[in-house]
Every structure is written in structure tokens, then in C-alpha cells.
Protein chains: 2
Amino acid sequence: MTLASEKLTNNQQTVLDLLEKSKEPLKAYAILFDIQKKGIKAPLQVYRALDKLIEIGKVHKIESKNSYIACEHKNCDSSTSTSFLICETCDQVTELKKKNLSEYFAKQSVQANFKYTKHNLEIYGVCKDCKNKK
Amino acid sequence: MTLASEKLTNNQQTVLDLLEKSKEPLKAYAILFDIQKKGIKAPLQVYRALDKLIEIGKVHKIESKNSYIACEHKNCDSSTSTSFLICETCDQVTELKKKNLSEYFAKQSVQANFKYTKHNLEIYGVCKDCKNKK
DNA sequence: ATATGATATGTTATATTATAACACTTTTTA
DNA sequence: TAAAAAGTGTTATAATATAACATATCATAT
């Protein structure tokens with residue numbers, strides 16, 4: 001394994017392409033359904049591609065929705081920590097830049113005598129577009 | 001439905017008792033296994049009790065672990081937002097008091113023109129006890 | 001250029017987590 | 001005490017994810 005490998009395999013690229021086109025996070029079996037025409041037939045092929053994409057930081061999992069989303073940031077170093085704004089009305093997800101958040105959580109952790117390594121943050125609410133529509 | 005009903009049913013109390021005794025978050029089927037001697041035989045009975053306990057704020061779900069934990073706070077108003085410190089070594093979970101966190105997230109959200117309603121925060125790291133053991 | 005080791009693939013089967021549907025019972029309250 | 005609301009027990013099934021194994025591909029060091 002090279003660090004932050006740039007060369008993706010066919011399956012990985014196929015899954016990533018689909019996620020990048022999507023405006024919403026997708027579930028694994030929704031991904032499977034969409035790419036069956038491209039020769040991917042089994043759940044494991046999807047999960048393996050997702051595992052790798054998550055490992056290299058191209059994809060993040062939204063735990064509370066069992067869904068996956070392509071990373072919006074160019075060179076995301078964050079294969080582990082993630083922070084999202086999730087619209088309860090339209091399901092759109094925005095990824096927050098994490099530097100200040102990580103620092104804040106590290107500080108909060110110290111108060112509990114806890115050594116911070118990473119985090120998941122999922123903020124629910126109403127996005128700009130949906131606020132305006134109301 | 002009364003607000004913050006205090007009277008639990010048998011099933012609800014059984015599930016809550018088990019969670020309160022546990023030092024770690026438990027999975028639904030682990031709960032089921034443990035309380036079969038008390039007459040609870042099917043997953044649905046566990047999930048229904050959990051749903052109710054979560055609704056009234058006595059139990060929280062840890063999304064990234066598909067696990068459930070009893071609330072540590074006396075009168076937790078937080079049936080929705082949760083913040084945890086999760087030890088990667090021993091799996092122990094500490095719940096963070098949420099007031100300052102909620103305020104911080106609400107402020108962060110405003111910057112993205114997003115109306116905050118609730119959040120899940122899961123911080124991973126090494127707890128006090130495990131740090132000392134090393 | 002080729003043997004080696006690491007990584008990925010395809011496939012079948014199965015484990016884990018969670019909900020649907022329905023008939024019935026208990027509790028609450030007007 | 002009738003009606004409404006909430007909870008129960010049960011069977012079946014949906015949705016999410018991994019195990020195991022044989023094979024294939026790729027990187028790279030000799």
C-alpha cells in the first residue's frame with residue numbers, strides 16, 4: 001500500500017463516481033442497485049469499495065443514517081473524523097471543515113482526562129434552502 | 001401520553017435495569033439474550049422498549065456502535081441530542097453534559113445559514129483509566 | 001522477466017440489526 | 001364504563017453487513 005494512493009480500481013471508481021454525482025448520502029444497497037449494470041453484483045463488492053474509499057478519505061459514512069457520502073474537500077486528510085450538517089427536510093448533507101472542531105473537542109476531552117483521537121459529529125436541522133422555502 | 005412519563009411498563013423497566021447495571025453500551029440482541037429469562041422472547045419487545053426509553057430520554061443510542069446506554073444524568077432533557085466520549089481500549093462510554101456543546105453547535109450552524117435542532121457527537125480516544133494502565 | 005507478497009475480485013452463504021403486520025390486552029381518561 | 005391510546009406477543013421478513021474461500025491482478029525487488 002502506498003500512502004494516500006491515487007489510483008483506484010474499477011469497482012472503487014465506479015462507487016466513487018456514483019457518490020460524487022449524488023446530492024444526498026446513499027445507502028450501500030442503493031449503490032448496489034444503481035451500479036449493477038456496471039457488473040457489480042454482490043453487496044460485498046460495494047462494501048469493499050466503500051471500506052477502501054473511507055480508508056483513503058474519499059468517502060465518509062454517516063453513522064446515524066447508515067449512508068455514505070463523497071468527501072467534498074480536495075485533499076481531505078480526514079479519513080477518520082467527520083462533521084456534518086444534515087437537513088431534516090431535504091436530507092442534504094454539508095461537511096464541515098474540521099480543524100477548529102477537532103481542537104475544540106480535544107480541549108473538551110482534556111477536561112474529562114480523556115485523550116482525543118477522532119470524532120463523528122452529526123448536526124440535524126434545517127438547511128438554508130429549506131428555511132427559505134417555508 | 002403524558003410528558004416525561006415516569007411509570008414504565010415491565011418490559012421497559014427490565015431493559016432499563018439491565019442497561020443501568022452495564023458498564024458498557026449494549027447491543028439490542030445482547031439485551032435480548034440477557035433478559036430472556038424474564039419472559040422477553042422476541043427482538044421486537046426489546047426494540048419497542050428501547051424506542052420508548054429513548055423517547056423519554058432514559059436511554060441513548062450510540063449510532064456508530066449500534067448500541068444503547070442508560071442516561072447518566074438525573075433529569076435528562078436530552079431525548080435527542082447526545083455527546084459521548086468513547087474509549088477505544090475498554091469501550092467505556094461517558095456522556096458529556098450538553099448545554100455548552102449545543103450552544104457551540106448552534107453557533108457553528110449559523111455560519112452555514114443552517115438552523116440547528118439537535119446533534120450526535122461521538123468522540124473516540126483513550127479514557128483516564130486506560131491511559132494510566134499503559 | 002519473473003517470483004513474491006500484497007491487494008483486489010467474484011461468489012455463495014450467513015450473521016447482525018431492525019421493522020411490518022396483526023390479533024389481542026392493559027391503561028388512561030372523558 | 002365506554003372509547004381511545006398505549007403496550008404486548010408472535011411470526012415473518014426487511015435492511016445492513018461480514019465470513020470464507022478460490023482466483024486474479026498488480027507492484028516491485030531480485
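- The side chain of B:Arg48 lies closest to C:dA21 when the candidates are C:dA21, D:dG7, D:dT16.
- At the heavy-atom level, A:Lys61 lies under 4.0 Å from the strands shown only through sugar-phosphate atoms.
- For the pair B:Asn10 CG and D:dT8 C1', the computed distance is 11 Å after rounding to whole Å.
- Within the 4.5 Å cutoff, the side chain of B:Leu8 has heavy atoms near those of the B:Leu53 side chain.
- The aromatic rings of A:Phe105 and A:His119 sit perpendicular, their planes meeting at an angle over 60°, well past the 30° parallel limit.
- In the set D:dT10, C:dT9, D:dT18, the nucleotide with an atom closest to the side chain of B:Lys41 is D:dT10.
- Checking C:dA8, D:dG7, D:dA17 against every side-chain atom of A:Tyr47, the shortest atom distance belongs to D:dA17.
- Rounded to an integer number of Å, the gap from B:Phe33 CZ to C:dT17 P is 15 Å.
- To the nearest 0.5 Å, atoms CG (B:Asp51) and CD1 (B:Ile56) are separated by 11.5 Å.
- For B:Ala42, the listed nucleotide lying nearest its side chain is D:dT11; candidates were D:dT11, D:dG7, C:dT19.
- For the pair A:Leu16 CG and C:dA8 P, the computed distance is 15 Å after rounding to whole Å.
- Of the two residues contacting DNA chain D, namely B:Leu44 and B:Asn66, the nearest-nucleotide position lying further toward the 5' end is that of B:Leu44.
- In this structure, A:Lys65 places its NZ atom 18 Å from C1' of C:dT17, rounding to the nearest Å.
- The CG atom of B:Asp51 sits 14 Å away from the P atom of D:dA6 (whole-angstrom rounding).
- Residue B:Gln12 places at least one side-chain N or O closer than 4.0 Å to OP1 or OP2 of D:dG7.
- Following rounding to the nearest Å, A:Lys7 (NZ) and C:dA6 (C1') show an atom-to-atom distance of 18 Å.
- Contact of A:Tyr29 with D:dA17 (side chain to base): a donor-acceptor pair of N or O atoms is detected under 3.5 Å.
- Regarding contacts with the backbone of C:dA18, a side-chain N or O of B:Tyr68 is found under 4.0 angstrom from either OP1 or OP2.
- B:Gln13 places its CD atom 17 Å from the C1' atom of D:dT8, with the value rounded to the nearest Å.
- Considering only side-chain N and O atoms, A:Gln45 lies nowhere under 4.0 angstrom from the phosphate OP1 or OP2 of C:dT9.
- Remark: P of D:dG7 and CG of B:Leu53 are 10 Å apart, rounded to the nearest angstrom.
- Considering only heavy atoms from C-beta on, A:Val110 stays 4.5 Å or farther from A:Lys115 through its side chain.
- Comment: A:Asp91 does not engage A:Lys23 in a salt bridge, judged by the lack of any side-chain N to carboxylate O separation of less than 4.0 angstrom.
- Phosphate proximity of D:dA15 to A:Lys27: absent, as no side-chain N or O sits under 4.0 Å from OP1 or OP2.
- Taking 4.0 angstrom as the limit, A:Lys52 places none of its side-chain polar atoms (N or O) nearer than this to OP1 or OP2 of C:dT7.
- Checking the phosphate oxygens (OP1, OP2) of D:dT25, no side-chain nitrogen or oxygen of A:Thr9 falls inside 4.0 Å.
- The shortest distance between side-chain heavy atoms of B:His60 and B:Phe84 falls below 4.5 Å.
- Checking the phosphate oxygens (OP1, OP2) of D:dG9, a side-chain nitrogen or oxygen of B:Asn11 falls inside 4.0 Å.
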